[in-house]
Amino acid sequence: LSFQNCVSHMVNEGIFVTYYAHTDPDAWRALLEAGWTGSGCRISNAFPISTESTERAIARGKLSLDTSIIVVWRKGATGIANVGDIYNEAIRIARDRASGLIKREAAGSDLLVGTLATVLSSFTAYRKLYGPGGELSLSELLSYHAYPLTARAIADAISREAGAVGEIRSPEALFYLLAKVMFGRKGKTAVAGRKNFDRSNLAILTIATRTYSKNLVEKAIVARPKGTAKGENFALVEPPSTRKKDMEQFLRERDLNPANPEPKSAVDALHVLEYWGSALPAEQFTEKYGELTNGYVSLVDEARILAVVLSRVLPETDVERELCGQVADRIRGGSFQRMLGLGSAT
């Protein structure tokens, strides 16, 4: 009713601005229910406002989404559409918005909310949206379309800005990329060490990348730190250093044999390549890379893209930037290109 009363006093070209102190998925559903389906408005833009300092002690190294959201609404949600028919245009616009935000060094909730606002602007331009099963509920629209499209647009923009050839498609690799890049602070404020999650921080990333916290734990992409309540806190599993001994132990802790690995995800393959890139001479790396590719071609190809992207966009304080740089250099090296018959490296 509050939304409807405000909208009734709006001029046709006017705007209606709301301040919302929640960022979790259920909060966005409630907001859309009031402003879009309940009042016939469409989202024009949205901005995250930090409600607590990211420099406070408990926030350091965390995927802090402790922000409030300012949403700009306009009148004009009209007509109906099939969500599949507007997908390509929506992701194009969202990708361009994400690229613009990245150029302005936006990260974390700034990048997430800014891109999500563009996606929701495309969707809420229509009064109703349909999928293969009929009219979409708000939960279906967010969980199966808006959040995944946002994640895809951001990942594509990150890869494009890094100049990488290829796309990150698997849920685990997409999760790892977004967790590393979106929430890794840059420059002097960057913090080394593992990134910590609580349940609410993790929720939107898992929905957006179509992953599940249980599976991420089983695949050793996130872990529960010792001494925390089960299911309440998680940490991203990242390489501890560039030293050979530490990397070898890191692989073994992730149940990966450094000499004869059997990766279960592209993230596994990436960490194996990082170890080989730092521990093996160029010719031996080329040989091992070829063997791993023969057995796990799709995982290794995606790991290659991850290595190129992370080597160019991670802050210098993140040890994985150097590790990925070594992998990217080895793959681009002359010995690998000669093995494929591509001639000398340029």
Side-chain angles (χ1 to χ4, degrees), residues 1-52 54 63-79 81 83 86 89-91 93-102 104 106-129 136-154 157 182-183 200-201 203-205 207-208:
L1 290 179
S2 296
F3 267 76
Q4 292 172 2
N5 287 335
C6 289
V7 171
S8 68
H9 291 85
M10 287 173 62
V11 297
N12 288 335
E13 299 302 320
I15 62 172
F16 174 38
V17 179
T18 57
Y19 176 90
Y20 206 42
H22 299 279
T23 59
D24 60 78
D26 287 339
W28 276 103
R29 183 191 57 76
L31 190 62
L32 286 172
E33 186 173 33
W36 180 43
T37 61
S39 303
C41 288
R42 57 185 173 86
I43 289 180
S44 176
N45 212 334
F47 308 91
I49 302 296
S50 297
T51 54
E52 297 184 62
T54 56
L63 302 184
S64 182
L65 290 177
D66 295 329
T67 58
S68 297
I69 304 299
I70 291 178
V71 180
V72 181
W73 303 85
R74 291 183 183 274
K75 288 183 177 181
T78 59
V83 71
I86 62 175
E89 180 65 9
I91 198 168
I93 296 172
R95 187 189 297 119
D96 289 344
R97 175 70 186 277
S99 291
L101 290 168
I102 291 169
R104 296 198 295 271
S109 56
D110 291 325
L111 179 55
L112 179 67
V113 172
T115 308
L116 177 61
T118 302
V119 172
L120 292 177
S121 178
S122 295
F123 287 165
T124 59
Y126 300 92
R127 199 71 178 90
K128 293 182 179 180
L129 289 172
L136 295 173
S137 67
L138 285 174
S139 294
E140 290 172 331
L141 179 64
L142 287 168
S143 297
Y144 300 117
H145 300 284
Y147 290 134
L149 194 153
T150 299
R152 171 64 45 223
I154 293 172
M182 285 180 58
F183 298 94
S200 61
N201 297 152
I204 198 166
L205 273 183
I207 293 173

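Here, residue 1 is the first one in the sequence, and each next residue gets the next number. If you're wondering where the values come from, they're calculated on a predicted model, not measured in any experiment. Side-chain atoms are counted along with the backbone in the values below, which use heavy atoms only and exclude waters and symmetry mates.
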Distance col, row His9:NE2 vs Asn5:CG, nearest 0.5 angstrom, shows 7.0 Å

Quick check: do Arg152 and Val119 have side-chain heavy atoms less than 4.5 Å from each other? no

Are any non-hydrogen side-chain atoms of Leu136 and Phe123 less than 4.5 angstrom apart? no

Using modelled atom types only, decide if a donor and an acceptor are shared between the side chain of Ser99 and the backbone of Arg95 within a distance under 3.5 Å. yes

Residue pair Ser44 / Ser121: nearest heavy atoms and the distance that separates them: O-OG, 4.3 Å

Trp28 vs Tyr147 side-chain heavy atoms within contact, under 4.5 Å: yes

What distance separates Ser8 OG from Lys75 NZ, expressed to the nearest 0.5 Å? 8.0 Å

Mark yes or no for whether Trp36, through its side chain, and Lys128, through its backbone, hold a donor-acceptor pair below 3.5 Å. no

Inter-residue atom distance Leu129.CG - Leu141.CG, 0.5 Å rounding: 6.0 Å

Minimum heavy-atom distance Ala94-Thr115, with the two atoms named: O-CG2, 3.8 Å

4.5 Å side-chain heavy-atom contact, Val7 and Cys41: yes

Between Leu32 and Ile43, is there a side-chain heavy-atom distance shorter than 4.5 Å? yes

Contacts of type salt bridge (charged side-chain N to carboxylate O under 4.0 Å, His left out), residue Glu33, not counting sequence neighbours: Arg29

Going by the rule side chain to side chain contact (heavy atoms under 4.5 Å, CB included), which residues pair with Glu13 if we only count those two or more places apart in sequence or in a different chain? none

Work out which heavy atom in Glu140 is nearest to a heavy atom in His145; give both atom names and the distance. O-CD2, 3.6 Å

The reported gap from CG in Asp96 to CD1 in Ile91 (rounded to nearest 0.5 angstrom) is 11.0 Å

Nearest 0.5 angstrom please: Leu142 CG to Ile207 CD1, how far? 8.5 Å

Quick one: does Leu120's side chain get under 4.5 Å of Thr150's, heavy atoms only? no

Tyr144 and Val83: side chain to side chain contact (heavy atoms under 4.5 Å, CB included), yes or no, with the steps? CA-CA 11 Å; Tyr144 300 117; Val83 71; over 6 Å; no

Donor-acceptor pair, distance only, cut-off 3.5 Å: does the side chain of Arg127 make one with the backbone of Gly76? no

Write down the atom of Ile93, the atom of Ser122, and the distance for their closest heavy-atom approach. CD1-OG, 4.3 Å

The criterion is side chain to side chain contact (heavy atoms under 4.5 Å, CB included); which residues satisfy it with Thr18, sequence neighbours excluded? Phe3, Phe16, Leu31, Val71, Trp73

Pick out which of Ile69, Leu101, Ile70, Thr118 makes a side-chain contact (heavy atoms from CB on, under 4.5 Å) with Val113. Ile69

